[in-house]
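These numbers were taken from a predicted model, which means no experiment stands behind them. Computation of the quantities below employed the complete heavy-atom set of this structure, encompassing side-chain atoms and omitting hydrogens, waters and symmetry-equivalent molecules.
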Amino acid sequence: MEARGEVFDLGYQHYEGPREGRGRARKALWIDGVRTSLGIGRSAWAKIIPGLFIVALTLPAIVIGVIAVQMGLQEAGIVDHSTYLQIVLMFMLFFTAVMGPELLCPDRRDMVISLYIVRPMTMADYLTGRWLALFSLTLALVYLGQIVLFVSFALGSNDTPGYMRDNWLDVPRFLAAGLILATFTTMIALAAAALTTRRAYAAAIIIGLYIISAPIAGSLGDPATCNQEPTPGGECIPIAGSATPWIALLDLGQIPSHVNKYVFPDSGDDLPIVASAAELNPVVPVAWYVLLTVGSGALLWRRYQGLAR
């Protein structure tokens, strides 16, 4: 039987458009990460969780702003930008814990990393794009609430221009505080997501660390938790003694708050555990923050460098 062959013209053509290189690939990866985090282009269920987090992070700012203006709490110094950070901190921790694994785990589970890092994109480009996607979204949510709060305070005051003139330093402070919070939570979330291909497991690891570390540090790192042994003067001796401020640093969820204490030094709403850690030399909480942040980044980089080989 004579062999036969056929040629089909499928219309393949050479690409004649602009070649934008690595910059375009990075931008596309960043946009994809933001869309994935917000559930854009996915099912309605995928949009519910990020939508609830967005409401939880912005609604407190609106409520605080309205109540503070109506009751005069802001003028009395009872409510400020530091208060808002403490209120939304837990929501932000859970937001990054859920969204971080969403950006990394599916790619590794589906084994498509090698498709990302073909030329001109590198593993560094991939990680940078994913990190920036979560970081920029987290930062935008924190800033949105702070801006709403600042505008509410300004419009609710008797002298709006005077308020803005007298309190303009709050703007660079809450910008710095938001940067500190977003950097830490993003790095921790992605580092934990690098340990497993299961999104639920990665989220459980992060949330578990936050939940477990809080009561341990709270019970031993709170100076108000007194030793039961009586003292001649009747004063409160913390259970951990002189180590109390150091143990306070073990609360993983409050690490950004320890640093932001120096961004808002005049805030009077500090949690006991934050006030306890503030007794240490300022270098210690800052160094602990840097160590955990950089260490998490190193873990993330090491895990993905192994995949690139």
Counting distance only, does the side-chain N/O of [X] pair as donor-acceptor with the main-chain N or O of [Y] below 3.5 Å?
| X | Y | answer |
| --- | --- | --- |
| Thr96 | Leu93 | yes |
| Tyr143 | Leu175 | yes |
| Asp251 | Gly253 | yes |
| Ser213 | Tyr210 | yes |
| Arg108 | Ala193 | yes |
| Arg303 | Ala194 | yes |
| Lys261 | Ala278 | no |

Tabulate below the donor-acceptor pairs under 3.5 Å that side-chain atoms of residues 129-138 make, not counting sequence neighbours, or state none.
residue	atom	partner	partner atom	Å
Arg130	NE	Leu103	O	3.3
Arg130	NH1	Asp32	OD2	3.0
Arg130	NH2	Asp32	OD2	3.4
Arg130	NH2	Asp107	OD2	3.0
Arg130	NH2	Tyr116	OH	3.4
Ser136	OG	Trp30	NE1	3.0
Ser136	OG	Leu132	O	2.7
Ser136	OG	Ala133	O	3.2
Thr138	OG1	Leu134	O	2.7

Test item: [X] and [Y] side chains (from C-beta on) under 4.5 Å apart, heavy atoms:
| X | Y | value |
| --- | --- | --- |
| Trp288 | His258 | no |
| Ile54 | Leu38 | yes |
| Leu104 | Arg199 | no |
| Leu195 | Leu299 | yes |
| Ile206 | Phe94 | no |
| Leu89 | Gln254 | yes |

Distance (rounded to the nearest 0.5 Å) between [X] [atom1] and [Y] [atom2]:
| X | Y | atom1 | atom2 | result |
| --- | --- | --- | --- | --- |
| Asn167 | Arg173 | CG | CZ | 9.5 Å |
| Thr58 | Gln146 | OG1 | CD | 12.5 Å |
| Ser152 | Ile147 | OG | CD1 | 11.5 Å |
| Thr197 | Asp110 | OG1 | CG | 9.5 Å |
| Arg109 | Thr196 | CZ | OG1 | 9.5 Å |
| Ile255 | Asn260 | CD1 | CG | 11.5 Å |

For residues [X] and [Y]: do they belong to one hydrophobic cluster (side chain heavy atoms under 4.5 Å, members Ile, Leu, Val, Met, Phe, Trp, Tyr)?
| X | Y | answer |
| --- | --- | --- |
| Val290 | Leu181 | yes |
| Leu209 | Val294 | yes |
| Leu29 | Val112 | yes |
| Val283 | Leu280 | no |
| Ile31 | Val34 | yes |

Testing the 3.5 Å rule here: is there a donor-acceptor pair between the side chains of [X] and [Y]?
| X | Y | value |
| --- | --- | --- |
| Gln86 | Thr83 | no |
| Tyr126 | Arg26 | no |
| Thr122 | Asp125 | yes |

Tell me if the [atom1] atom of [X] is crowded by more than 12 foreign heavy atoms within 6.0 Å.
| X | atom1 | value |
| --- | --- | --- |
| Lys47 | NZ | yes |
| Tyr201 | OH | no |
| Phe150 | CZ | yes |
| Arg198 | CZ | no |

Practice task
Verify side-chain contact (heavy atoms from CB on, under 4.5 Å) between Val284 and Trp246, making sure each step is shown before the conclusion.
Solution key: CA-CA 9 Å; Val284 176; Trp246 295 88; 3.6 Å; yes
What is the minimum heavy-atom distance between [X] and [Y], and which atoms define it?
| X | Y | answer |
| --- | --- | --- |
| Tyr84 | Leu149 | CB-CD2, 3.6 Å |
| Thr185 | Met92 | OG1-CG, 4.4 Å |
| Ala61 | Gly145 | CB-O, 3.2 Å |
| Ala248 | Ala217 | O-CB, 4.2 Å |
| Pro285 | Pro282 | CD-O, 3.3 Å |
| Leu292 | Ile188 | O-CD1, 4.4 Å |

Exercise for the section: Return each pair, listed once, that meets ring pair (Phe, Tyr, Trp, His ring centres under 6.0 Å) where at least one residue sits in residues 170-191; pairs must be two or more places apart or across chains. Expected result: His81-Phe174, Phe184-Tyr289
Completion exercise
With sequence neighbours left out, the residues meeting side-chain contact (heavy atoms from CB on, under 4.5 Å) with Ala154 are Thr160, Tyr163, Met164
